[in-house]
Amino acid sequence: MKVLEALRIAMRALAANKLRSVLTMLGIIIGVGAVIALMSIGRGVEKYVTDQFAGLGSNLLFIAPGQITEGPPSLRANPVRSLTLGDMLAIADRSRVPHVAAVAADFQTRVQVSRAGKTVTVQANATTPEYPLVRNWNTTIGSYFSTLDSDERQRVVVLGSETYQQLFPNNEYPIDQTVQINGMNFRVIGVMESKGGGPGGNLDRSVFLPLTTGQDRLFKQKTPNGEYRVTVIYASIDDSANIPAAQEAITELMRERRGIKYLDQDDFTIISQNDLISVFGDILGALTIFLGAIAAISLLVGGIGIMNIMLVSVTERTREIGLRKAVGAKRGDVLIQFLIEAMTLAAIGGMIGVALGWGLAQIVSTFFGEFQAVVGADAVVTSLVVATAVGLFFGIFPAFRASRLNPIDALRYE
Amino acid sequence: MMPKNGRTNGQIPVIALRDITKVYQMGDVEVHALRGIDLEVYPGEMIAIMGPSGSGKSTLMNIIGCLDVPTSGTYELDGKDVSRLKDDQLAAIRNHKIGFVFQNFNLLPRTTAVANVELPLIYAGMGGRQRRKRAEDALRLVGLGDRLDHKPNELSGGQQQRVAIARALVNEPSMILADEPTGNLDTKTSIEIMELFQRLNQERGITIVFVTHNPETAEYCNRVVRIRDGLIESDETRQATAGIHAAKTHAVSSNGHEAVMVKERER
């Protein structure tokens, strides 16, 4: 008997008992639905996070003082030696760090910014002029300060988009307006694009000024020997393939500059975007295993449900089986008929599950506008294949039983 | 014993049973259901196998129907020995050579008449279009040309049994094996069904074997075999006393065979 014929018989048998068929599928539906929904949401979150990191600037390395250690901050290693502008200039030297494309330094601190009676507390980023280039970030109004502004220690400031909205609630044109930073007058020369939240705080709620101006006029936080102290150095690398090499070169350079002895620990940290992404990758990996376990359990339960109903169905249809055998059905024909029925049941359940999961993912996406759930074709195909395989596996025993029925007894069965 | 019947001249018997026995093991007890049955049935015969319950007639029917194999003895169906075949081989024989009609019809519920009739053709591996045509032809032959797409619950008992007869005919088997075919029908419908069998037997030469304990069914047959305690008690070949022959016989004369045949052809 052809498989197509068996499929038609199976569809008819399932349609004859619609409610029971749906109830039987429920385990598979829920299992597949949960997996599709959670996987889609997971993918969406992953994509969102990756996009956020990509927004930090391409092929970026972060160099920060101290070691990132586990445990609460109070238990961390002793106060760390700062990085300086000199470190940044050294890293910018292509003879030492061959693959570096651009470098910027950033000194971060909290400041109060006021204008026309409004005061906000935001993060100040006192940076070198290359900052927008390295961070892959532009202004929407005006421009970032220039090397000349920096060299002349000009009191100019670029506002983060939210800071601009807070200080200029009526969308006044901000250029050449004056704001006070910690009481000192600064001229606004630009507003940055909105970047949104991300690792390291919301940069839209900050202001940007030249490192020289900040350290010489405002914060006065130079190192004892007069160097410009910085919080973090950004180095963008020409190609992602060269990141490990660049990381190694910078490490060697920094150890040498800071006089760290052979075998002693670094007292600075270099983090690549990939490091950050891989942390999220680990979290998502754990989540995936967890989801897999849920899926396996619900598919197992669903499979047992299918086996149970198929056994009932075989008993109920004993006479049908007897008749089919009497008119010439071979064992294999009966076996295939019931196997296909179980597989059809599971496959339809899988399809409904996919639809359900997709719907759930869409609803969640709509609720949390930040990210869009991604329903992957691979997840859909895998779910359907696994669901059908579950149907096949749990259908074997009932189908085998049906195929072994003796037609004489089966025909006489009441 | 050889049946003395006009159709024996040189033809291969449809059924040739030689010294058939069947022993069932019921716990420690051996039950001898059949103790040595010899029987030949020739093409075109309409034969009733009768016997009280426990006589072994059901066992004999299962063996004749290739649903079961004998413990000893040989069974040749259309000249081919089928007494030692395996399950799947028997299934193929049933599919090609035997049409079953049951007391309780055994139609698939929620399935149209034509789909029910197609069933044996599915297992014969016939393609969909040809199958449908053959099934429709078989249904027309039993007078259900206007009920092709009715489901069993939309048909009367007599109509359901006609569907079952169409299903038995559709594979053009060597014989139809009918197990108490009128057991679930009222008298009037029973007569219709038995006359249908007679018509198929006479017009199409189809060999029909009834297994019954109902003497009225036997009256339509021209040969009656009685079984008792696993042995053939009697084997009687005679003129059918009921049905399309008998009715005309009463109307015309006590020996109106020729006249009936003429009338029959005119119908």
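Each chain gets a letter, A, B and so on, in the order the sequences are listed, and its residues count up from 1.
- Other residues, nucleotides and ligands place more than 12 heavy atoms under 6.0 Å from the CZ atom of A/R331.
- Residues of residues 49-67 of chain B that come within less than 4.5 angstrom of chain A, heavy atom to heavy atom, are B/N62, B/L67 in numerical order.
- Summarising the local packing, CZ of B/R140 is surrounded by more than 12 heavy atoms from other residues, nucleotides or ligands at distances under 6.0 Å.
- Under the salt bridge (Lys or Arg N to Asp or Glu O under 4.0 Å) criterion, A/R43 pairs with A/D378, sequence neighbours left out.
- No more than 12 heavy atoms of other residues, nucleotides or ligands sit less than 6.0 Å from atom CZ of A/F290.
- Atom-to-atom distance recorded for B/E118:CD and A/E5:CD is 7.5 Å, nearest 0.5 angstrom.
- For residues 72-104 of chain B, the interface with chain A (any heavy-atom pair closer than 4.5 Å) comprises B/D87, B/D88, B/A91, B/A92, B/R94, B/N95, B/F100, B/F102, B/N104, sorted by residue number.
- With rounding to the nearest 0.5 angstrom, the CD1 atom of B/I122 is 9.5 Å from the CD atom of A/Q337.
- Within 6.0 Å of NE2 in B/H213 there are 12 or fewer heavy atoms belonging to other residues, nucleotides or ligands.
- The side-chain heavy atoms of B/L119 and A/L323, taken from C-beta on, include a pair separated by under 4.5 Å.
- Within 6.0 Å of the CD1 atom in A/I304, the count of heavy atoms belonging to other residues, nucleotides or ligands exceeds 12.
- A/R12 and B/R110 get closest at one heavy-atom pair: CD-O, 4.3 Å.
- For the atom pair CZ (A/R319) and CG (B/N106), the distance works out to 4.5 Å, reported to the nearest 0.5 Å.
- Within 6.0 Å of CZ on B/R18 lie more than 12 heavy atoms contributed by other residues, nucleotides or ligands.
- Proximity to chain B (any heavy atom under 4.5 Å) is shown, for A/R404, by neither the backbone nor the side chain.
- Against chain B, no residue from residues 341-358 of chain A qualifies, as none has a non-hydrogen atom under 4.5 angstrom away.
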